Amino acid sequence: MSDWLWGLFQSWGWSESAFNVVMGVIKGLLVTTFLAVNALVLVLMERKVSGRIQRRPGPLRTGPRGLLQTFADAIKLLSKEDIVPSGADVAVFVLAPMVFFAAATALWIVIPFGPQTIVQDLNIGLIYISAVTGLSVLAILMAGWSSNNKWSLLGAMRSAAQLVSYEIPLVLSIVAIGMMAGSLRLSDIVAAQQGGITNWFIFPQILGFLVFFTAGLAEINRAPFDLPEAESELVAGYNTEYSGMRWAIFFLAEYANLVAFSALAATFFFGGPTGPIFPPIVWFLIKTYFFIFVAMWIRWTLPRIRVDHLMNLGWYVLIPLALINLGWTGLYVVLRG
Amino acid sequence: MSEHEATTWPEHLQPVADALRERFPQLSIELKPDNWLEVKVDADQSPEFFRYIKEYPGLAFDYLLDVTAVDYINEGKLQVVYHLARLGTDAKKRGKLVVKIDLPRDNPRVRSVVDIWPTANFHEREVYDMFGVVFEGHPDLRRILMREDWVGHPLRKDYVDQRPKRTRVTR
Amino acid sequence: MFRSLRDFFSMIRTTLIGMGITIREMFRPVITINYPEEQLDVPLGYRGIPVLLSDEEGNLKCVSCELCAKACPVNCIEIQSHRDNQTRKKVLDVYNLDSTWCMYCGLCVEACPFDALAMSDQFELASYDLPSLVYTRDQLAEIGRRAITPTTNIRETQNFGIKTGGARR
Amino acid sequence: MAETAVTSEVKQDTTTPAEHELFVNMGPQHPSTHGVLRLLLRVDGERVLSLKPDIGYLHRCFEKIAERRSVQMVIPYCDRTDYLAAITSEWAYVMAAEKLMGVEVPERAEYIRVIVGEMQRIASHLLWFGTFALDLGAVTAFLYAFRERESLFDIFQKLTGARMLYNYLRVGGVRNDLYEGFEEDILRFLDLLEERLIEYNKLLTGNRIFESRTKGVGVITKEQAIAYGASGPVLRGCGVPQDLRKTDPYSVYDRFEFNIPVGEHGDVYSRYVVRMHEFYESIRIIRQAIKTIPGGPWLGDVPRRMKLVGDVYTRVESPRGEVGVYLVGDGSDQPYRCHYRSPCFVHLQLLEPMGVGHLIADMVAIIGSIDIVMGEVDR
Amino acid sequence: MGLITHEAVPGVVTTSLRRLLNWSRKSSLWYMLFGIACCAIEMMATGASRYDFDRFGMIFRASPRQSDLMIVPGTVNEKMADRVKVLYDQMAEPRWVIAMGGCAINGGPYHGEYNIVDGVDKVIPVDVYVPGCPPRPEALMHGVLLLQDKIMREGIEIPAPAKG
Amino acid sequence: MDLARMAFLALAAVAVVSAFRVVTAPKIMHAALWLGFTFFLVAGVFITLGAEFLAAAQVLVYVGAVTTIILFGIMLSQAAEVRSREPVPVEPLEGTALWRRGVLPVVGTVAFVAIMIMVYLRAPWPTPATGAVDTVRLIGSALFTTYVIPFELAAVLLLIALVGAIVLAVRDDDKEEQGS
Amino acid sequence: MVSAYTDVLIFFLVGAGFVALNLTLGRLLRPHNPYPEKLTPYECGEVPVGEGQAPFNIRYYIFALLFVVFDVEVVFLFPWAVVLRELGMYALVLMVIFLFMLVDGLVYAWKKGVLRWV
């Protein structure tokens, strides 16, 4: 299709740059749609999974078997009043969800849907991932600060400290992946794991996976690390004052991040979107949704960790483990050549 | 009350009564159901009494159960009632004590026992809130259950509700 | 640090145990009652709204003695009656039961010496406005009649399962 | 809108704000204050520097109401004080009335009371377990506890006709006899519960995160607990084996064999463990009572005209601690004064020694661990 | 002001849009986690597995900003009344209120006592009254179904069914 | 003019405007956010110059970390006017203030720009990297061959920064304890 | 190569645009009825007391500072990761030395107890 479009553009006498821009917009819209659809599915899935774990059916009455539940939620949120509390810093308040969602979208540029199906296979892919995930700290701080609410502020400070602390082990475990593949390109990482399960990085990188998974859960605010929004403690954390669509955007972005995290876990450690029989996109979805399910499963099992233990876990456990993993990976790579 | 009654008391309560009489010979001690000992104390005597029953080793009532009051409007008095106990599984050492202090209905004042039993804090606040009994020496004597701007003390028998009527709100 | 590490691994271990529990529960059947479509059987003796009972001919058993109104802790029962000139019996004119004041304690039923009152199984009383929540004599009698239809298979003296009248012995 | 003094006090404080300190209102509407408790926190970051409980948001004039109703009519109101343990609050009141009227309670009624009382303890502890888990973020454990609670409610419903507020105890006995098949029902439930308790322990008690959140948090010493008049699991969690069922037995509790579980450290975890053990003790008591329950009437001879004379204080071990009722009668059938001593009202004072120096997240655990029922606190 | 107002506007497009909106609102009533008294426990029980509010698409939110439905489960007294008002005010529109239990409807067993506000509708407007003391979970769900009916009719001229 | 050049100019222009806003924003919070935005745009400028690694590092370190630290700083700051969400009142400059706050910065800026221009004119610029060159690999090789010593010195520098930060924070705490 | 990054820019814009679009769409549908009581900051039903924003303890700052330091370190790690295979043991040793110094700092932070959460 891209070739056909390119031909069309050439016939119109447009330059390659213009073509790239148009293609970029198309890809962006596709990815956004993908994220939105995913979020719709995930919200329902989360409610169904949590329901099953708790021996109840979950949404049932909206549409057949409750399938339209998230559509109803979305439309309702869309038509819900949008409150900007008095004393809030309006510009920052409005901007925060945008930044959060934009960062969540931008992350998807480098995530491979197939061995070659990547929006842009940047050759600094891994650094790009590290850099973009860091942006959500900014958004959360903006949201918490601008709300003029104490719970928001507490939530924002918490989550900022949390994200900041878990970013490091996360990135360190990503570096180890880069070492294994000898490249920062995600397509190279997928390629390096081709040829059967034994080539998956999970085996030499079991420690790295542990660190990545734990830190990743913390980075996307999933239980047991869902402290920023800890309902029983901080009411709703940094988004206490957000209502309607603005709040929904945070929600959406968090689910987008969950999908991204699961996709990355699959890509880094489980061979990425490849496998026998099925086309890559199917494998991509299977593996991604497996990790999404695991994240949900964990969420509905565990109590919430306390904030100081969270920090201890980050600094005293995960960073040392990540460094050990780094050393081990270095030896592994050097010795195996 | 009288001497001959005392002989019918359960054995383990005798030392308690003796210890009380030792310091306060005039004290009337009565046996109530469930082996409660009841004493009546004057308001001006109360600080000394409470300190004594807490600190005297033979008594050592370390556990204040409850402080409340009763408004005997016909007799023109407010009675503050303290329920005390000693902890312990040993039945011999167990003792339960009811202390009653009569106060005048207008301007009832009594010494606070918060410094002896910290638990009295909320109880006394509640009694103040509901009956208007002023506990002297209480660290923080404010209304506890009612709104701060509430008028009157609701559990008094002559209390009249004087709130303005509220009307229904419709959308 | 080693303590923290140990903690971390024991955390993972106990998490896996917990996840084992939850996944096992996940494949068990749901226990939910799908309310408007299916409904839990309200057990015999459940205390819904108090209703007036009728005898076989469909006449109210109530003799307007007002014992129920006196026994009610919240005064939610309002009774008006007049004495019929011919039969010299009291006739119940108004029997208003405010379902919002009622605490469904069943004391009125216990007070009734004529088995004329029973706690029904009716509890779906929600409404948009307040006046409709005061149940009148006829409404209460209607619910009461519904309950003694033969299909419900409840003995008459034990309407709705509650022993009426003198639960003393 | 009138400000309460607590608010104005804080306002005074905030006019000279200390360095990096923040005043936070926790409640009355907060997910984990178990109703309408309000805590005024002064925090530095997330560490609590001082806290003041503010109550009265559910004051429902129980004591005044009791003065205007006849003896039997007060019982449903007793249910609504401690709505999670309606039976035990009824029990304390009914016992007081019986003492004032000199009514004998038949033996069967006492046994039934013990059985429903312990069932109530299980129900209350199940709810506490659930909400405590919810406070700590474990939603699933909450729903599991409610699941078991529902099956217990089925039995309660069959027995008393209501789910939560039973109005089951009467002066002189109980309202109705155990229904046919009660024995099988309750024994089946107890077996189920024992099975499920193992599950709870695996899911929550053994969990490392849970342990780290509860151990060493909200510690009070034995002396503090006694000085503040704590009772029930809060006191027992500090290592004081005080349980009215054993130390001052009422009803027929002295005929059953059971232990008083006692904690060691006086922290949230100890209180948690004490309650978890109490499940087993209650199960034991019910099993014994079911086995040995005598026949006979379930309601004693009560004079038609009830007269309350004198004053009496009765106490009962509720799931939360010691419930006391101080009942004064003036010869009529209405109590002249009815005072309800609630354990949680007393325990609230312990929040300050427990909570200061901890994090906001710990406050949630602490409040959960003392198992507050606001209806009982405010009455 | 949005396209959709509270008044009924005739027209096929607005009506079907309105119907869609109403459908979405009634299907996703997020209720505020707000417990006052005994009824709050039954409210929690309704949310629990046996009855499961989630079937109706109802989940709880702690913040009033994100909730659509305020279930007032319990007695509102003078001290609480102002807070209930504040919380109601802080909810984003559209918002609904269910008065759960006799106490919230008009004081219930406590009506007329000192310190009791006789019904939460003296403070905030109430849409559906659910009597009971406390109402069974089914009764509360019945109330929710009534509210859903009411929401479906909002802004559209559908004759209300006979009350019952 | 090709797209890269165009993008370069556009990004640079926006960056300058944004940098200007950093200085003129009435609210300090906004200033910090403008600064973050400027960093972000500078990263874009780097990309147009073919330095993708540098750009990513810029986003990672400056946008992600440095802006965060500034935001933290604002939130932690004790001074009420810094924390305030209200605009800071602008006072007219006079006397020494004018000299210190008006003239000196201008002189400094002019000098800085002059030096920059000089550097620009005299430096031997390499030809911009084209297409498929893996800059990361180049940097890596250079780092561990030519620039080994500076690389290890960077570690020392970071260590010093770390220790310095800790010492400052701890001292601040001590002071508080004495103060209160 | 620049074109690869136009996508990045476009994605950011599309993300922000998606948000803006939704909010604009919502504006057509949603009620808008602000009044002072509604706009008061939420504080569990109370009228807010004091300022919404108090300064935090300086200890939080340490986390951010450490983060910056480690972020810079990570920037060095990435090129190293890529070339490790070619350069072999030599680069590994260099990096171990590099990391060792930073870990030093971390250990120092532990010992000083500044990583304690307040």
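Remember, predicted model here, so these are calculated numbers, not experimental data. Throughout, protein chains are lettered first and strands after them, A, B, ... in sequence-line order, and every chain is numbered starting at 1.
A donor-acceptor contact under 3.5 angstrom links the side chains of D:T205 and D:Y272, judged on distance only.
Within residues 138-147 of chain D, the residues that have a heavy atom under 4.5 Å from a heavy atom of chain A are D:A138, D:V139, D:T140, D:L143, D:Y144, D:R147, listed by number.
Dense packing is recorded around CZ of A:F293, with more than 12 heavy atoms of other residues, nucleotides or ligands lying under 6.0 Å away.
Identified under the salt bridge (Lys or Arg N to Asp or Glu O under 4.0 Å) test for residues 352-367 of chain D, with sequence neighbours left out: A:R306-D:D362. Applying the salt bridge (Lys or Arg N to Asp or Glu O under 4.0 Å) test to residues at least two apart or on different chains, the pairs with a partner in residues 239-251 of chain A are A:D82-A:R246, A:E241-E:R65.
Aromatic ring centroids of D:F153 and D:F189 lie 6.0 Å or more apart.
By the ring-ring contact (aromatic ring centres under 6.0 Å, His included) test, D:Y83 is found to be paired with no residue, residues two or more places apart in sequence or in another chain being considered.
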